[in-house]
Trainee: 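Here you go, one structure.
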Amino acid sequence: MGCYLRPQRLEEAVGALADGGYTVLAGGTDFYPARVGRAPDEAVLDITALDDLRGIAELGDSYRIGALTTWSEVIAASLPPMFDGLKLAAREVGGVQIQNAGTLCGNLCNASPAADGVPPLLTLAAEVELQSQGGSRRLPLADFVLGNRRTARRPDELVTAIYLPKPAGEVCSDFVKLGARKYLVISIVMVASLLERDADGRITAVRLAVGSCAAQAQRLPALEQALLGKPLDNALPGLVDAVHLQPLSPIDDVRGSAEYRMEAAAQLLRRSLERLAGTSPGGAP
């Protein structure tokens, strides 16, 4: 049986991690299911007493989401439209019990290709803050998640927060997920979209991300470029083309074939752009 630590201060937590060998426990919604039928035998660092890592704060030019912030807290928070896609994703993370316990940062650290939080956070240009005894550093989310269950976090580092820059213009965002059923399901494909527009309604910035179609969620730079400067109207979905999906590399598995996932990704992209253009019901809250 490994040792168990529950530090009360951040300094204690990073001090323990300096020795390496600890598995960090936050919400536990991935930790415990992976150990069904056996007692944990590794050294566990339980960070749930670090209250400074909770909550969402506005910091002038950005927002900070603490590492212990749960999906339910994101859903309940009064936040601007840039968060609409993330809120929609939060509602897709398991049931209410999972949303109450699971954390956004834990979802990132687990680094599943089907992690619901990664695509919307990619569209929000998220940066991940990591703390060690040697200091802190920030990484763009795209550089933090390296692949299936792999991140750039060193064994002596603790993820402490996510930072999201405020957009320059008016924003709308969305999240669409395809699964075998509506809720409590691992995604077959998911799409997150964020558009900024000027006073004339033309798109000035675009970020699109697709999950469950590669070892990690992928941005679609060619499609983003094709949408720049276009009016936010019902012509947008027609701009989606198979050539725009080249960054994706889906696999065949029990949830769907690679071919099906590619077609589904294109359709979800069109659906999301249609919702953002306001031509279909069921848009972001």
Side-chain angles (χ1 to χ4, degrees), residues 5 7 10-31 34 42-48 50 52-54 56 59 62-71 74 86 89 93 102-165 187 190 192 194 207-221 247-251:
L5 294 178
L10 180 59
E11 294 79 4
E12 296 176 52
V14 296
L17 288 175
D19 297 330
Y22 279 94
T23 297
V24 177
L25 175 65
T29 56
D30 290 304
F31 178 88
E42 66 263 60
V44 173
L45 183 71
D46 181 346
I47 64 170
T48 56
L50 303 180
D52 288 346
L53 301 188
R54 298 185 184 279
I56 304 169
L59 303 177
S62 65
Y63 289 88
R64 178 186 184 273
I65 301 177
L68 291 176
T69 304
T70 66
W71 296 105
V74 169
L86 185 61
V93 178
T103 66
L104 278 69
C105 285
N107 192 243
L108 301 186
C109 291
N110 192 50
S112 165
D116 292 315
V118 176
L121 287 170
L122 278 175
T123 67
L124 288 165
E127 290 189 340
V128 179
E129 180 183 67
L130 301 109
Q131 181 77 38
S132 70
Q133 280 195 320
S136 65
R137 63 179 178 134
R138 289 192 200 176
L139 287 176
L141 178 55
D143 295 334
F144 176 76
V145 177
L146 302 179
N148 185 11
R149 312 292 182 176
R150 296 191 301 116
T151 74
R153 186 184 74 86
R154 302 192 309 261
D156 68 329
E157 289 181 312
L158 179 67
V159 173
T160 50
I162 303 166
Y163 285 84
L164 309 173
S187 69
M190 54 186 155
L194 184 144
R207 289 189 290 274
L208 306 169
V210 178
S212 290
C213 283
Q216 69 240 59
Q218 296 290 318
R219 292 270 302 273
L220 300 178
L248 307 183
S249 54
I251 62 170

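All values reported here derive from a predicted model rather than from experimental measurement.
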Trainee: What are the two closest heavy atoms between Glu157 and Leu130, and how far apart are they?
Mentor: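 Taking every non-hydrogen atom into account, OE1-CD2, 3.7 Å.
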Trainee: Would you check if the side chain of Arg149 reaches a backbone N or O of Pro113 as a donor-acceptor pair within less than 3.5 Å?
Mentor: no
Trainee: Any side-chain heavy-atom pair from Phe31 and Val24 closer than 4.5 angstrom?
Mentor: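 No, side chains not in contact.
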Trainee: Look up atom OH in Tyr22 and atom CD1 in Ile47, then write down how far apart they are to the nearest 0.5 Å.
Mentor: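 The CD1 atom of Ile47 is 14.0 Å from OH of Tyr22, to the nearest 0.5 Å.
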Trainee: Hey, could you give me the CG/OG1 distance between Leu104 and Thr70, rounded to the nearest 0.5 Å?
Mentor: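 Answer for the CG-OG1 pair, Leu104 versus Thr70, is 8.0 Å.
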Trainee: Among Leu208, Leu141, Val210, Val145, which one satisfies side-chain contact (heavy atoms from CB on, under 4.5 Å) with Leu122?
Mentor: Leu141
Trainee: With sequence neighbours excluded, what pairs up with Tyr63 under the ring pair (Phe, Tyr, Trp, His ring centres under 6.0 Å) test?
Mentor: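 Tyr63 satisfies ring pair (Phe, Tyr, Trp, His ring centres under 6.0 Å) with Phe83 once adjacent residues are dropped.
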Trainee: In the structure I gave you, are the side-chain heavy atoms of Leu124 and Leu86 within less than 4.5 Å of one another anywhere?
Mentor: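 Result yes, sub-4.5 Å side-chain heavy-atom pair found.
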Trainee: Which pair of heavy atoms, one from Ser212 and one from Met190, lies closest together, and at what distance?
Mentor: OG-CE, 4.0 Å
Trainee: Should Pro247 and Cys213 count as side-chain neighbours, where that means a heavy-atom distance under 4.5 Å?
Mentor: no
Trainee: Could you tell me if Ser112 and Asn110 have a donor-acceptor pair between their side chains, going purely by distance under 3.5 Å?
Mentor: no
Trainee: Does a side chain donor of either Glu129 or Thr160 reach within less than 3.5 Å of an acceptor in the other side chain?
Mentor: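 Yes, a side-chain donor-acceptor pair sits under 3.5 Å.
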Trainee: Would you say Leu45 and Leu25 make side-chain contact, with heavy atoms under 4.5 Å?
Mentor: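 Contact flag for Leu45/Leu25 side chains = no.
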Trainee: Answer whether the closest heavy-atom distance between the side chains of Ser132 and Arg154 falls below 4.5 Å.
Mentor: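 The answer is yes; the side chains approach within 4.5 Å.
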Trainee: Given the rule in the side chain to side chain contact (heavy atoms under 4.5 Å, CB included) test, do Val74 and Thr69 qualify, once you have shown the distances and angles that lead to the verdict?
Mentor: CA-CA 8 Å; Val74 169; Thr69 304; 4.3 Å; yes
Trainee: Any side-chain heavy atom of Arg54 within less than 4.5 Å of one from Thr48?
Mentor: yes
Trainee: What are the two closest non-hydrogen atoms of Arg64 and Leu59, and how far apart are they?
Mentor: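 Closest approach of Arg64 to Leu59: CB-CD1, 3.6 Å.
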